[in-house]
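This chain uses plain numbering: 1 for the first residue, then up along the sequence.
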Amino acid sequence: MKRVFVFFLLFIAWTLNTWSQESATDSLELILKTTKNDTTRIRILGELSEVCEEEDILKYAVECSSLCEKALLSGQKPRQFYLKNLSGSLNNIGYYYSILGKKKKSLENYERALQIDEQLGDKKNIAIQLNNIAVNLFEQGDFSQALDYFYRDLKMQEQIGDKKGMGFSLNNIGYAYANLNEYDKALEYYNRGLKVCESINDKSGMAQTFHNTGLIYDMLKKDVKSLGYYNRSLALYEELGDELGICTSLGAIGSVYADLGNYDKALECLSRGLKISEKHGYKNVNAQCLFYTAEVFIRQGKFSEALPYAKRSLELSEEVGMTKETGSAARALRTIYAKQNRFKEAYNMFRLEVQMSDSVVNEANRKGAIRQELQYEYEKKELQTSLKQEKELSRIKLENQRKITRRNIWMYVLISLAVILGLSIFYLYKFFRQKNIINAGRNNELRQKLLLSQMNPHFIFNSVDNIQSLIHGKQDKEAISYLSKFSKLTRQILENSTENHITLDEELSMTENYLNIQQLLYNNSFTFEIEMDPSINKENTLIPPMLTQPFVENAIKHGLKNGKEGGWVQVRFYMKEQSLFFEVNDNGSGLATKEQNGHRSMSTRIVLERLNNNAKKPVSIDTQNRMENNIIKGVTTKFEIPYICED
């Protein structure tokens, strides 16, 4: 959204992008003809509204707004896209009507665009609309409300931290005060705006501020100071290649040289300004440069040379509705015609001059009334503030007395609360400390019970007896292997019983060792397999020790029940939804009754209690028959293991 008003001299102008608009317009027109998709058309129409000639803005912007409104009425998505483009097209329509001088229609579109931007929460575009509305109101003479919008725009720019926008807003507020003849106030805002522009090296903003500051000193008849600011402005515009800024500054510089009596320098500057303004169709600047040129020739007594410049200045001033400039051109023509003894034309120009002078006087009176209104509002606020301050002092004295009383009450309350809080913290500390001691004792008790269940005398006796049998049978190698595995398992169980957590790798090693010993005890009457989910890092995964062995033992006993040969035991560790699960399967005869299905050994109950002590959520052990074609093929036991993953 680039169509934004910029203040320069006594008029409002807008600088188009300097890249090739004609080629861009042609390319976009070609795409527009070949596409029927509404979303694409909206984008292209928005771009065309930005780069086209001013007389074509309405054609593209109206179609763009119609497509957006149609899409919004039918509930098409994304709604934000259509609202944003509708706001942009309304802004461009507002700009179009503004350059035509249709201020009310322009204001209606800007206000609609503002409502949409506020709905979208688009602070950057809200600031643009606030500025455009302010300029529009200012042009209609509603200075008080215009200033209110200018201040809202400045506040919004400060909120979004847009320093370029802040400099622009400060410059506009300064211009508004300048038009109300509040020159000190205008200079104050120009200086503030200049500092902001300099802080971000915004040369365009600096150039505008220099020009407007020069204009203030020009009005105050401080020609030398005014000329200095105009020249600084011109230098920056030339550096930027800003043609509108260049011809505006040249016109202003030419007028100052004319006031100083340096007519050759004045004509040189005005001639350059005329060429640029005529080339680009800057009618406002062109009208002023023409008038200043006519003035120079009149002062030199060259009335015939002055005549065409004055006539053309009058035509353009009337065309664009510049009241003051129309009166100035009429005055110049009256002087020329009088010197040429063309008294009828001189009289007609005198009448036009008086008519325009009345309009200027009326405008000045209106501005004066507004200044008085603003001054009255200021004085009224000052009086109200004074009365409020007196009331505030009385209220503060009374409030201070109340505060002292409340402070004493609060002090006693806070001391009481502090004592109560301290006692509560002490007792809570003792309670949780005692609870932790009890839990630690309970965990140690469970660990000892589980150790006893895993190192039960029957298992130890059978293992030793089996080793002894191997020795008597002179199977020394088998006896040594068996003894090595048995001693390793014993060491693992004893070591792990003292730890809160062990690695999953250590648990796997102990489980495999235990299955090897049991395999020897049962004369290799069963086979086993251990599966590990490859996604698990077994070296970095920590679990509570001694959880799985009781369930492996149950599976072996169940699978070999009634002396069955060809037993099979499978142990699995796997991840499911970020949870670690243990599962053991056997190929026994299954759980025949509900009573058997609900049966739990002592070690199983101990493990369940330990699981729930370590887990953040309740854990259950699921034991079910393995079914294939409605035939029992064994038993599956599984449960979730609480774990810690180390980096």
Side-chain angles (χ1 to χ4, degrees), residues 443-444 446-447 450-451 453-455 459 481-482 484-521 526-556 558-559 567-587 603-604 606-624 626 634-647:
N443 283 334
N444 285 331
L446 290 172
R447 191 181 286 115
L450 189 59
L451 176 63
S453 70
Q454 291 184 326
M455 296 295 293
F459 172 69
S481 175
Y482 195 113
S484 174
K485 291 177 180 177
F486 178 72
S487 64
K488 181 181 178 182
L489 177 65
T490 305
R491 186 178 72 253
Q492 287 175 323
I493 292 172
L494 290 173
E495 287 178 349
N496 292 344
S497 68
T498 63
E499 300 291 336
N500 290 322
H501 290 88
I502 61 171
T503 65
L504 184 55
D505 190 37
E506 290 172 324
E507 181 73 14
L508 284 170
S509 174
M510 188 171 71
T511 302
E512 184 177 9
N513 201 23
Y514 177 74
L515 282 164
N516 280 321
I517 292 171
Q518 290 284 29
Q519 205 174 36
L520 290 170
L521 280 174
F526 74 91
T527 59
F528 71 86
E529 57 184 272
I530 299 175
E531 290 185 8
M532 169 63 65
D533 189 332
S535 66
I536 302 172
N537 189 331
K538 57 186 179 182
E539 286 82 9
N540 290 351
T541 303
L542 302 179
I543 63 171
M546 301 185 295
L547 292 179
T548 61
Q549 186 179 325
F551 301 97
V552 175
E553 181 183 3
N554 284 345
I556 293 169
H558 185 78
W568 168 79
V569 174
Q570 181 196 48
V571 176
R572 290 181 62 215
F573 290 91
Y574 61 92
M575 296 296 295
K576 182 179 179 182
E577 297 178 353
Q578 303 298 315
S579 297
L580 175 64
F581 283 87
F582 164 78
E583 180 179 296
V584 59
N585 297 292
D586 64 59
N587 64 341
S603 58
T604 303
I606 293 170
V607 169
L608 181 60
E609 192 169 348
R610 288 187 66 230
L611 283 170
N612 282 306
N613 280 348
N614 284 277
K616 294 180 180 178
K617 58 182 180 180
V619 176
S620 61
I621 299 173
D622 182 28
T623 302
Q624 300 290 338
R626 291 174 54 245
V635 175
T636 296
T637 300
K638 61 183 177 182
F639 57 84
E640 182 183 343
I641 301 177
Y643 72 98
I644 301 170
C645 189
E646 289 189 333
D647 293 332

For [X], what residues pass the side-chain contact (heavy atoms from CB on, under 4.5 Å) criterion, not counting sequence neighbours?
| X | answer |
| --- | --- |
| Asp533 | Ser535, Ile536, Tyr574, Met575 |
| Gln519 | Asn516, Asn524, Phe526, Phe528 |
| Ser484 | none |

Inset, instruction - Identify, with sequence neighbours excluded, every residue that meets ring-ring contact (aromatic ring centres under 6.0 Å, His included) alongside Phe573. - result: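 With sequence neighbours excluded, Phe573 shows a ring-ring contact (aromatic ring centres under 6.0 Å, His included) to Phe582, given in chain and number order.
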Legend entry - Any residue meeting salt bridge (charged side-chain N to carboxylate O under 4.0 Å, His left out) with Glu531, in chain and number order, not counting sequence neighbours: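 Expected list: Arg572.
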Legend entry - Contacts of Glu506 that satisfy salt bridge (charged side-chain N to carboxylate O under 4.0 Å, His left out) - sequence neighbours left out: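 Glu506 satisfies salt bridge (charged side-chain N to carboxylate O under 4.0 Å, His left out) with no residue once adjacent residues are dropped.
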Inset, instruction - Answer yes if the side chains of Glu507 and Thr548 hold a donor-acceptor pair under 3.5 Å, and no otherwise. - result: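 Looking only at side-chain atoms, Thr548 and Glu507 do form a donor-acceptor pair, the distance falling under 3.5 Å.
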Inset, instruction - Using the test side-chain hydrogen bond (donor to acceptor under 3.5 Å, both in side chains), find all partners of Thr527 that sit at least two apart in sequence or belong to another chain. - result: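 side-chain hydrogen bond (donor to acceptor under 3.5 Å, both in side chains) list for Thr527, sorted by chain: empty.
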Provide the closest heavy-atom pair for [X] versus [Y] in the form atom of the first, atom of the second, distance.
| X | Y | result |
| --- | --- | --- |
| Ala555 | Val584 | CB-CG2, 3.6 Å |
| Asn587 | Arg626 | CA-NH1, 4.2 Å |
| Leu489 | Asn513 | N-ND2, 3.2 Å |

Inset, instruction - Could you note down all residue pairs passing salt bridge (Lys or Arg N to Asp or Glu O under 4.0 Å) where residues 634-645 supplies at least one of them, sequence neighbours left out? - result: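 Only Lys617-Glu640 qualify under salt bridge (Lys or Arg N to Asp or Glu O under 4.0 Å).
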